[in-house]
2 protein chains.
Amino acid sequence: MTEPRWLNADERRAWLALLSINTMLPAALDNQLHTAGKVSLFDYNVMAMLSEAEGRFLAMSELAARTSSSLSRLSHVVTKLEKRGWLERRPHPGDARVTTAHLADAGMATLVALAPGHVEAVRAKFLDALTERDVADLARIGEKIVARLDDDHWILRET
Amino acid sequence: MTEPRWLNADERRAWLALLSINTMLPAALDNQLHTAGKVSLFDYNVMAMLSEAEGRFLAMSELAARTSSSLSRLSHVVTKLEKRGWLERRPHPGDARVTTAHLADAGMATLVALAPGHVEAVRAKFLDALTERDVADLARIGEKIVARLDDDHWILRET
DNA sequence: GTGCGTCACTTGAACGCTCAACCACGGCCT
DNA sequence: AGGCCGTGGTTGAGCGTTCAAGTGACGCAC
């Protein structure tokens with residue numbers, strides 16, 4: 001039973017900052033999206049990921065990977081968005097186990113309507129506080145952390 | 001109605017990384033704490049903040065500030081932890097509006113028991129992926145973001 | 001000292017998320 | 001062909017969080 005290595009000053013600062021960002025940033029963006037269109041940040045992201053996919057659809061498991069969420073959480077949310085007419089579930093032709101989520105036209109329309117305000121909020125609450133250099137550093141460091149948490153996370157998947 | 005400024009490559013990388021960290025890191029730490037002692041990361045943090053305070057107590061509003069949470073959320077959690085005998089609410093002598101939360105001995109004991117494993121997890125899931133330089137950069141950048149979200153956040157309160 | 005606005009919190013209901021259980025299918029292996 | 005395990009997904013119950021409303025207490029104006 002050896003003494004644990006406690007955090008030094010910089011480690012503590014980094015950890016506390018990340019912890020605070022972690023609760024405050026999603027809250028701020030959720031807020032903007034919710035007042036603009038009764039949509040959560042997660043809802044938005046689900047639709048955004050679909051909008052960027054070829055054919056505007058993805059398998060549930062792939063969509064879960066791209067939103068860093070559990071299949072269960074995604075399934076509940078897809079059900080909700082489906083009820084609003086923004087998404088549609090379809091069986092996969094080749095493999096009957098697979099369900100694909102398709103972004104409907106109505107979903108694309110709300111996404112397009114919400115996007116400018118959302119990007120503005122991302123800038124206002126986050127990116128505008130940083131220099132170009134900071135953003136590059138953060139991207140590099142952030143990807144290292146992501147790699148540690150999930151070594152084949154999709155955002156690391158480019159050449 | 002001008003065209004919004006969409007994100008460039010680094011901005012997008014930084015944003016997506018932060019978004020992923022945001023869901024995966026708390027989940028990983030929650031997991032460790034929950035299997036080690038049926039405690040959430042937020043529960044742990046509440047008790048940790050109290051343990052570091054003079055006299056092991058803080059006003060609810062101050063504790064809310066130090067956990068970046070709403071008073072409402074904190075109130076519910078304090079009720080829960082109080083039922084487990086880890087915390088105690090007391091009226092503030094000078095101002096009857098204020099409630100203070102005190103860390104009980106039992107709470108301190110569980111904190112002490114949980115701390116080594118938690119710190120190890122923070123290192124394993126996060127800090128160990130980074131160089132010393134990265135940690136310093138992240139602390140600096142993180143604090144800039146915190147400042148943007150709340151310009152007198154408590155972690156910025158030292159000289 | 002009476003009103004009035006603010007502050008510090010609490011509460012209950014609605015909503016969202018997590019967890020464990022479950023089902024159906026596909027890909028084996030024999 | 002039959003049995004088996006792993007994969008992909010759904011569901012419902014329980015718990016946690018948010019939101020809006022409500023309760024006192026303080027402080028200031030008059």
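Using a 4.5 Å heavy-atom threshold, the side chains of A/H34 and A/L41 count as separate.
Taking atom CE of A/M60 as the reference point, atom C1' of C/dC25 lies 17 Å away to the nearest angstrom. Atom C1' of nucleotide D/dG9 and atom CZ of A/F57 are separated by 18 Å, given to the nearest angstrom. Computed from coordinates, the B/K83 NZ to C/dT11 C1' distance equals 12 Å when rounded to whole Å.
Under the 6.0 Å distance and 45° angle rule, A/R73 counts as a cation-pi partner of A/F42.
Contact check on A/K38 versus A/D43 returns no salt bridge, with no Lys/Arg side-chain nitrogen under 4.0 Å from an Asp/Glu carboxylate oxygen. Salt bridge status for B/R157 with B/D152: absent, with no side-chain N to carboxylate O gap under 4.0 Å. Between B/E82 and B/R84, none of the side-chain N atoms (NZ, or NE/NH1/NH2) sits under 4.0 Å from a carboxylate O, so this pair counts as no salt bridge. Looking at A/R12 and B/E143, no side-chain N of the basic residue comes within less than 4.0 Å of a carboxylate O on the acidic one, giving no salt bridge. For A/R66 and A/E52, the salt-bridge test fails: no basic side-chain N is under 4.0 Å from an acidic carboxylate O.
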What does the list of N/O pairs under 3.5 Å between the protein and nucleotides 23-25 of chain D look like, with a distance for each?
none

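Applying a 4.0 Å cut-off to non-hydrogen atoms, none of the residues of residues 17-45 of chain B approaches DNA chain C. Remark: B/L71, B/S72, B/S75, B/H76 in residues 67-82 of chain B come within less than 4.0 Å of DNA chain C through at least one heavy atom.
The aromatic rings of B/H102 and B/F57 sit parallel, their planes meeting at an angle under 30°, below the 60° perpendicular limit.
A chain of hydrophobic side-chain contacts below 4.5 Å, direct or via other Ile, Leu, Val, Met, Phe, Trp or Tyr residues, connects B/V135 to A/L7. Hydrophobic clustering (ILVMFWY, side-chain heavy atoms < 4.5 Å, transitive): B/M108 and B/V77 are in one cluster.
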